[in-house]
Trainee: 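Once you've had a glance at the structure underneath, I'll fire off some questions.
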2 protein chains.
Amino acid sequence: MNENAAGAGAATGAVAAPASGGRRTQRERKRATVSRLMDATISAIAEVGYAGTSIGEVCRRSGVSRGGLFRHFDSRLDLVIAAAEEVAARHLATARAWLGGHGGGLREALPMMRERHRDEINIVWFELAVAARSDAGLRDRLAPVADRFYRAISDLGRHVPELAALSDRDRHLLISTVRDLFDGETISRALVPEPGVEADRLTLIAEFAEFFIARRT
Amino acid sequence: MNENAAGAGAATGAVAAPASGGRRTQRERKRATVSRLMDATISAIAEVGYAGTSIGEVCRRSGVSRGGLFRHFDSRLDLVIAAAEEVAARHLATARAWLGGHGGGLREALPMMRERHRDEINIVWFELAVAARSDAGLRDRLAPVADRFYRAISDLGRHVPELAALSDRDRHLLISTVRDLFDGETISRALVPEPGVEADRLTLIAEFAEFFIARRT
DNA sequence: TGACTTAGCGACCGATTGGTCTCTAGGTTG
DNA sequence: CAACCTAGAGACCAATCGGTCGCTAAGTCA
């Protein structure tokens, strides 16, 4: 009868916890609920896909009612676009943190990049990108977000010493190519896993990048 | 009221046309209907995605009734798996025909491969591969088909002179990598098209493939 | 405190989903 | 021709879809 089964357990509601006592401001209440909805939407897309992420599914996972959801998002599309922006931001934040704290060169950055593209966060992104191909409404809303996201990924390459010397154009060519490759690999490996090939491929990509850099500098 | 609007116009029903006169055998009737359903399923997945390819959508496109559809396929999953097998077969047939009639080397084979991966046929395949990630029933049925399909693609490489000398392992590594790259590219370009980058990328892949071949032989 | 606003709930709506069932049309076989 | 079988049609089913609406709960502010 009641869709709200998950409760607040899975949510990161603590983010907007009251500063003191049991009383929360309206701002805090709103933030906490939106945050639970975001987490639920992201995990739903990752686990049951874009098509399976119905309003009911998100309500079930978040413990928020339909009425509560539609208070903060006008439509499913609005919810999903918010999740896409969140997911792009998290992906970049994690990668940036790694590049900042780690002085690593190309041979360390590539496995990091592959790991990022296999993470739940990027799977959600990719799921939305694929759905956008055949859903005009989603595509129109997602395209500008994608444009910024993809550019930001290429810009991150500046923090890798070997790539810093490349022109913007060459660096973007190289990184966008590796990005597409990792995304394609994420799909084929879900269907036909080939751990040996994957290991060899990482070496191959590193050789490819070094070959490319040598030719262009 | 009636879903059957398309009629027989869009179908390739002519394949199973009666040998003479207006009378058809049961075999011919069945073949013609299944063929119309396959074409409708493939075009539907290509245009409205896997999730949008409902039984109703396929019936509308094919002009076959629900009863007629379920006469030949026990479930939507059966229909979709049949379409996947058809799509893999067509992809390979087209590529094989090109490689047979054309003596072309690597520099011609790569654009052909990219074109194949952008074709409606491969988009249908990829749409199913992505859906299979979060749909266990689909994944179980699609995995063996995918295994054969992917292996066949790598085997096609033997017909490209430059790749013939490589070991099976190296050839598979190279071709599966390019395959994943082209599939990933097909998605990102639908959202953020970059014709200039795509042109540069094709050259880049060719140069790298030549570099790889030189190192391994 | 009392008036007002925002957050959140869940019954409800019409449309659509995958699938079933009964019935008719058409081809096959004695 | 009669009996039989497969092909195909479409009304119908329960479940689920995205979204609405009237209501109560909680926070704000005079």
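Nothing here was measured: the structure is a model prediction, and the numbers come from that model. Throughout, a chain's letter reflects where its sequence line sits, starting with A, and its residues are numbered from 1. Note that these values count all heavy atoms, side chains included, but never hydrogens, waters or copies made by symmetry.
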Trainee: Both conditions, 6.0 Å and 45 degrees, for the charged tip of A/Arg118 above the ring of A/Phe182: are they met here?
Mentor: no
Trainee: Is it true that A/Glu28 and A/Arg31 make a salt bridge, defined as a side-chain N closer than 4.0 Å to a carboxylate O?
Mentor: no
Trainee: Salt bridge between B/Asp155 and B/Arg171, side-chain N to carboxylate O under 4.0 Å?
Mentor: no
Trainee: Could you state the CZ-P distance from B/Arg27 to D/dT6, rounded to the nearest angstrom?
Mentor: 14 Å
Trainee: Over how many whole Å does the gap from B/Arg36 atom CZ to D/dG8 atom C1' extend?
Mentor: 10 Å
Trainee: Identify the residue among A/Trp125, A/Trp98, A/Phe149 that makes a ring-ring contact (aromatic ring centres under 6.0 Å, His included) with A/His91.
Mentor: A/Phe149
Trainee: Calculate the interatomic distance between B/Arg60 atom CZ and D/dA9 atom P; express it in whole Å.
Mentor: 15 Å
Trainee: Taking the six-membered ring of B/Tyr50 (Phe, Tyr or Trp), confirm whether the NZ or CZ of B/Arg76 is under 6.0 Å from its centre and within 45° of its axis.
Mentor: yes
Trainee: Below 4.0 angstrom, N of the basic side chain to O of the carboxylate: do A/Glu194 and A/Arg189 qualify?
Mentor: no
Trainee: How long is the line joining CD of B/Gln26 and P of C/dG27, in whole Å?
Mentor: 7 Å
Trainee: Check this for me: does any side-chain nitrogen of one of A/Asp39 and A/Arg36 sit under 4.0 Å from a carboxylate oxygen of the other?
Mentor: no
Trainee: Whole angstrom is fine here: how far is it from NZ in B/Lys30 over to P in C/dT28?
Mentor: 14 Å
Trainee: In terms of the nearest nucleotide of DNA chain C, which residue is placed more toward the 5' end: A/Val34 or B/Ala51?
Mentor: A/Val34
Trainee: What N/O pairs connect the protein and nucleotides 19-23 of chain C at under 3.5 Å? Give each pair on its own line.
Mentor:
unit_1 : atom_1 : unit_2  : atom_2 : d
C/dG19 : OP2    : B/Arg76 : N      : 2.8
C/dG19 : N7     : B/Arg66 : NH2    : 3.2
C/dG19 : O6     : B/Arg66 : NE     : 2.7

Trainee: Just compare D/dT28, C/dT28, D/dA9 and give me whichever is closest to any side-chain atom of A/Thr25.
Mentor: D/dT28
Trainee: With the side chain of A/Arg23 defined as its heavy atoms from C-beta on, choose the nearest nucleotide among C/dA7, C/dG10, D/dT28.
Mentor: D/dT28
Trainee: Round to a whole Å and report the spacing from CZ of A/Arg24 to P of C/dT6.
Mentor: 17 Å
Trainee: What residues in residues 125-133 of chain B put a non-hydrogen atom under 4.0 Å from any atom of DNA chain D?
Mentor: none
Trainee: Please tell me which of the listed nucleotides, C/dG10, C/dG26, D/dG27, lies nearest to the side chain of A/Ser65?
Mentor: C/dG10
Trainee: In whole Å, I'd like the distance from the CG atom of A/Leu69 to the P atom of D/dT20.
Mentor: 12 Å
Trainee: Under 4.0 Å from OP1 or OP2 of C/dG8: is there any side-chain N or O of A/His72 that close?
Mentor: yes
Trainee: What integer distance in Å separates B/Arg31:CZ from C/dG27:P?
Mentor: 17 Å
Trainee: Whether A/Arg139 and A/Asp135 form a salt bridge (side-chain N of Lys/Arg under 4.0 Å from carboxylate O of Asp/Glu) is what I want to check.
Mentor: no
Trainee: Might you confirm whether atom NE2 of B/His159 has over 12 heavy atoms from other residues, nucleotides or ligands at distances under 6.0 Å?
Mentor: no
Trainee: Establish, with yes or no, whether the OP1 or OP2 oxygen of C/dT17 is under 4.0 angstrom from a side-chain nitrogen or oxygen of B/Ser54.
Mentor: yes
